[in-house]
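Values below: all heavy atoms of this structure, side chains included; hydrogens, waters and symmetry mates excluded.
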Amino acid sequence: MEVKIVKPQDFIETFEEFLDSEATNIMLRGYSDDTKIICLSEFVKSMRHGLNDIVIEVPNLKNAVNILPTCFKFGRHETNFKHYDHHPHFDKEYSVNGITYKFREYSNPNLVNIEEGQQDLVIFLSVQSILYTNQNGKMNSNFSAFERRIEAYGNEKKIFVTANDNNKSPENLYSLMDKVVILDTVKNEEVLLPNKKGETINLPY
């Protein structure tokens with residue numbers, strides 16, 4: 001597995017290479033969640049003539065509206081997403097700039113029978129909550145079902161995006177990844193935690 005540190009300006013080129021390669025699973029890590037989402041959005045828009053059907057897997061459909069309208073430009077002038085729906089509906093098609101999006105909830109793996117070859121790209125946004133271990137070092141009880149869900153997509157291109165990425169929990173998914181991209185958005189290894197007065201951490205990548 002390759003681990004690569006990438007500047008935001010090199011993001012699109014890096015992920016274009018991923019689409020052209022034989023790799024199927026890539027993880028996007030980095031400290032700044034907003035920058036990861038913005039770069040991913042710009043990448044999708046830049047590739048819209050080559051991507052027709054995209055599935056976005058989120059932990060919770062009702063909370064997805066807090067992220068998606070801004071980063072994927074869901075607005076009443078471009079799609080019916082924001083205008084008619086308070087949150088994306090399961091497997092409903094939304095058309096944005098020539099791309100058809102469907103939304104699924106990976107925390108409930110029984111919601112859909114996944115058929116390989118029906119989508120050009122699958123984006124798991126975000127995967128952090130299912131990767132944590134408990135105090136005894138055991139994985140989330142839904143992790144095995146999550147692995148089966150990933151495998152059901154087969155050889156389709158899949159992007160796994162982390163959130164609150166300041167620990168080693170994403171490494172629990174490394175065994176399924178072909179490549180890990182770390183978006184370099186900080187100038188040094190130590191970052192001030194927003195919820196800890198005066199405390200610093202060393203980023204785990």
Side-chain angles (χ1 to χ4, degrees), residues 1-59 64 67-68 71-72 99 101-107 109 114-132 139-140 143 145-186 203-205:
M1 183 193 71
E2 178 187 4
V3 179
K4 183 177 182 180
I5 298 176
V6 173
K7 296 287 186 182
Q9 59 266 30
D10 299 321
F11 185 94
I12 291 179
E13 180 181 355
T14 299
F15 276 76
E16 285 177 345
E17 291 174 354
F18 164 68
L19 289 185
D20 291 335
S21 72
E22 296 183 358
T24 56
N25 296 336
I26 188 170
M27 178 180 286
L28 174 58
R29 300 192 64 180
Y31 184 76
S32 172
D33 294 340
D34 289 342
T35 306
K36 284 182 290 188
I37 295 302
I38 290 170
C39 287
L40 183 60
S41 175
E42 292 300 317
F43 163 70
V44 170
K45 287 191 294 182
S46 74
M47 297 295 294
R48 63 177 179 265
H49 297 300
L51 298 173
N52 298 313
D53 298 285
I54 296 178
V55 170
I56 298 180
E57 293 264 9
V58 294
I67 302 173
L68 296 169
C71 64
F72 284 96
I99 299 176
Y101 292 88
K102 286 184 180 180
F103 295 86
R104 293 172 182 167
E105 197 171 72
Y106 70 71
S107 58
I114 296 170
E115 295 184 14
E116 185 179 354
Q118 298 301 308
Q119 40 276 317
D120 299 315
L121 180 66
V122 184
I123 300 173
F124 287 83
L125 184 75
S126 61
V127 296
Q128 206 79 3
S129 61
I130 207 163
L131 300 179
Y132 285 114
M139 291 298 300
N140 185 303
F143 184 72
F146 180 62
E147 287 183 303
R148 292 194 297 272
R149 191 176 189 86
I150 294 170
E151 292 169 357
Y153 280 110
N155 291 325
E156 294 179 342
K157 300 290 185 177
K158 297 176 286 294
I159 300 174
F160 300 80
V161 186
T162 62
N164 302 315
D165 193 350
N166 54 23
N167 56 66
K168 294 186 176 183
S169 62
E171 294 180 12
N172 291 322
L173 202 58
Y174 273 16
S175 62
L176 298 179
M177 295 297 108
D178 298 303
K179 186 172 185 176
V180 174
V181 168
I182 299 167
L183 192 59
D184 184 8
T185 58
V186 293
L203 293 176
Y205 36 74

Quick one: does any side-chain atom of [X] pair with a main-chain N or O of [Y] as donor and acceptor, under 3.5 Å?
X    : Y    : answer
D33  : N164 : yes
T162 : L28  : yes
K157 : A23  : yes
D120 : D53  : yes
Y31  : L183 : no
E156 : Q118 : yes

**Study point:** Reference residue F146; test side chain to side chain contact (heavy atoms under 4.5 Å, CB included); the match among L176, N140, V127
**Key:**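 Of the listed options, the one satisfying the test is V127.
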
Within this structure, what is the [atom1]-[atom2] distance for the pair [X] and [Y], rounded to the nearest 0.5 Å?
X   : Y    : atom1 : atom2 : value
F11 : E16  : CZ    : CD    : 10.5 Å
I38 : S32  : CD1   : OG    : 7.0 Å
I26 : M1   : CD1   : CE    : 11.0 Å
L51 : L121 : CG    : CG    : 6.0 Å

Looking only at heavy atoms, which two atoms of [X] and [Y] are closest? And how far apart?
X    : Y    : value
L131 : M139 : O-CE, 3.5 Å
Y106 : P59  : OH-CG, 3.3 Å
Q128 : S169 : NE2-OG, 3.2 Å

Please examine the side chains of [Y] and [X], heavy atoms only from C-beta on, and report whether any two atoms are closer than 4.5 Å.
X    : Y    : value
I159 : F15  : yes
L173 : F143 : yes
V122 : R104 : no

**Study point:** All salt bridge (Lys or Arg N to Asp or Glu O under 4.0 Å) counterparts of K179, not counting sequence neighbours
**Key:**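 Listed in chain order: E2.
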
Practice item. Determine which pairs satisfy side chain to side chain donor-acceptor pair (under 3.5 Å) with at least one residue from residues 17-30, sequence neighbours left out, and list them in order. Key: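 Residue pairs passing side chain to side chain donor-acceptor pair (under 3.5 Å), neighbours aside: T24-D178, N25-K158, R29-D165, R29-Y174.
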
Check your understanding: Below 4.0 angstrom, N of the basic side chain to O of the carboxylate: do K45 and E42 qualify?
Key ->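 The answer is yes: the pair qualifies as a salt bridge.
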
Practice item. Would you please classify the geometry between the F160 ring and the F124 ring as parallel, tilted or perpendicular, with 30° and 60° separating the classes? Key: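 Plane angle under 30°, so parallel.
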
